[in-house]
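Taking it in order: structure first as structure tokens, then the write-up.
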Amino acid sequence: MPYLLIALISLFSTQAHTATVERFRLDQLADQAARVLVVTCIQSEPDLIDGAIYTRYKFTVTETVKGPAQKELELHLPGGQFQGVRSRIAGIPTFAPGSESVLFLTAPNRLGHAWPIGLGQGAFRIERRDDGAARVYQRLDGLTVYEGAAKQVNQSESIQGAELHTFLRRVRALAGIQGYAH
């Protein structure tokens with residue numbers, strides 16, 4: 001019995017630090033997203049939903065790339081710190097107030113909450129240089145990705161470190177969007 005307990009603890013601790021999901025290419029993210037938004041996080045606070053720790057993030061939407069235009073966004077993602085208890089879910093992106101991101105979001109779930117597609121694969125951090133140039137970086141902390149059975153090796157250009165305006169233009173083209181709203 002002690003060996004079973006040790007094995008279960010080892011399994012649980014491994015799962016707490018990493019998650020394995022199927023890899024989403026940029027064309028899949030653009031196609032499957034109900035909404036693609038450029039956002040700035042304005043608030044991050046813990047919440048308890050159905051007895052589980054979540055973090056409620058509030059964002060201002062600076063640009064709508066796909067989906068209905070909106071000025072604000074609220075996401076409820078599992079994990080966070082609530083009344084001294086910390087919960088971290090591998091692969092779930094986190095956001096700090098002031099941070100900018102491009103989010104590829106699912107349609108709302110039964111509670112009315114959207115999620116980034118493919119966990120951290122659907123959240124691209126925007127980093128701005130001193131000269132104002134902005135670049136995007138995919139957030140894969142604690143996330144291991146694998147290629148599915150229908151593996152495609154044709155990825156024409158890397159998306160890590162791409163210029164924001166070039167990245168957004170590519171997303172619009174992949175999603176079949178002609179014009180866009182700010």
Side-chain angles (χ1 to χ4, degrees), residues 19-44 55 57-77 89-109 112-182:
T20 303
V21 296
E22 186 171 353
R23 175 69 150 152
F24 283 89
R25 297 180 318 271
L26 187 59
D27 62 324
Q28 293 171 311
L29 290 171
D31 180 56
Q32 293 181 22
R35 293 178 290 171
V36 179
L37 306 169
V38 180
V39 299
T40 301
C41 182
I42 57 172
Q43 188 177 27
S44 168
T55 300
Y57 296 101
K58 288 186 179 181
F59 301 90
T60 56
V61 177
T62 56
E63 187 172 341
T64 299
V65 178
K66 180 181 178 183
Q70 60 190 99
K71 293 183 186 277
E72 294 183 349
L73 170 71
E74 189 172 296
L75 294 180
H76 296 254
L77 300 178
I89 310 298
I92 298 290
T94 59
F95 307 92
S99 66
E100 296 177 278
S101 301
V102 178
L103 300 178
F104 293 76
L105 300 173
T106 65
N109 64 16
H113 305 150
W115 288 52
I117 292 179
L119 304 177
Q121 294 179 80
F124 290 79
R125 179 181 73 254
I126 299 172
E127 290 185 7
R128 294 195 183 271
R129 297 190 315 212
D130 291 338
D131 64 2
R135 298 199 174 268
V136 295
Y137 297 90
Q138 196 171 41
R139 310 169 95 170
L140 300 177
D141 298 338
L143 194 60
T144 301
V145 295
Y146 71 93
E147 296 291 336
K151 184 176 168 180
Q152 288 191 359
V153 290
N154 183 13
Q155 288 209 346
S156 59
E157 63 187 44
S158 174
I159 52 180
Q160 289 292 62
E163 290 186 6
L164 177 61
H165 70 277
T166 303
F167 177 78
L168 295 177
R169 185 174 50 241
R170 185 169 175 213
V171 170
R172 284 186 189 93
L174 290 169
I177 299 168
Q178 301 301 319
Y180 61 93
H182 286 277

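Numbering of residues begins at 1 and proceeds along the displayed sequence.
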>> Which heavy atom of L105 sits nearest to which heavy atom of A114, and what is that distance?
In response: CB-CB, 4.2 Å

Under 3.5 Å, side-chain donor or acceptor atoms of residues 124-134 against the rest of the protein: list the pairs with distances, not counting sequence neighbours.
residue : atom : partner : partner atom : Å
R125    : NE   : E127    : OE2          : 2.7
R125    : NH2  : E127    : OE2          : 2.9
R128    : NE   : E100    : OE1          : 2.8
R128    : NE   : E100    : OE2          : 3.3
R128    : NH2  : E100    : OE2          : 3.1
R129    : NH2  : D131    : OD2          : 3.2
D131    : OD1  : A133    : N            : 3.0

>> Rounded to the nearest 0.5 Å, what separates atom CZ in F59 from atom CZ in F95?
In response: 4.5 Å

> Which value, rounded to the nearest 0.5 Å, describes the distance between W115 atom CH2 and L77 atom CG?
Replying inline: 6.5 Å

> In Å, rounded to the nearest 0.5 Å, how long is the span from CZ of F167 to CD of Q138?
Replying inline: 7.5 Å

>> For the backbone of A96 and the side chain of S44, can you confirm whether one donor and one acceptor N or O come within less than 3.5 Å of each other?
In response: no

>> Ignoring hydrogens, what is the shortest heavy-atom contact between A30 and L174? Give both atom names and the distance.
In response: CB-CB, 3.9 Å

>> The criterion is side-chain contact (heavy atoms from CB on, under 4.5 Å); which residues satisfy it with T94, sequence neighbours excluded?
In response: Y57, R88

> Considering residues at least two apart in sequence or located in another chain, which fulfil the side-chain contact (heavy atoms from CB on, under 4.5 Å) criterion with K58?
Replying inline: I42, Q43, R56, E74

> Can you check whether V102 reaches L164 side chain to side chain, under 4.5 Å on heavy atoms?
Replying inline: yes

> Rounded to the nearest 0.5 Å, how far apart are OG1 of T64 and NZ of K71?
Replying inline: 10.0 Å

> Does Q70 have any side-chain contact (heavy atoms from CB on, under 4.5 Å) partners at least two apart in sequence or in another chain, and if so, which?
Replying inline: R35, L37, V61, L73

>> Determine whether a donor-acceptor pair (N or O, by modelled atom type, separation under 3.5 Å) exists between the side chain of K66 and the backbone of D31.
In response: yes

> Given the rule in the side-chain contact (heavy atoms from CB on, under 4.5 Å) test, do L103 and L75 qualify, once you have shown the distances and angles that lead to the verdict?
Replying inline: CA-CA 11 Å; L103 300 178; L75 294 180; 3.9 Å; yes

> Which value, rounded to the nearest 0.5 Å, describes the distance between Q121 atom CD and L26 atom CG?
Replying inline: 11.0 Å

> Which distance, rounded to the nearest 0.5 Å, do you find between the CZ of F24 and the CG of L29?
Replying inline: 7.0 Å

>> The criterion is side-chain contact (heavy atoms from CB on, under 4.5 Å); which residues satisfy it with E72, sequence neighbours excluded?
In response: none

>> Minimum heavy-atom separation for E163 and H165, please, with both atom names.
In response: OE1-CE1, 2.7 Å

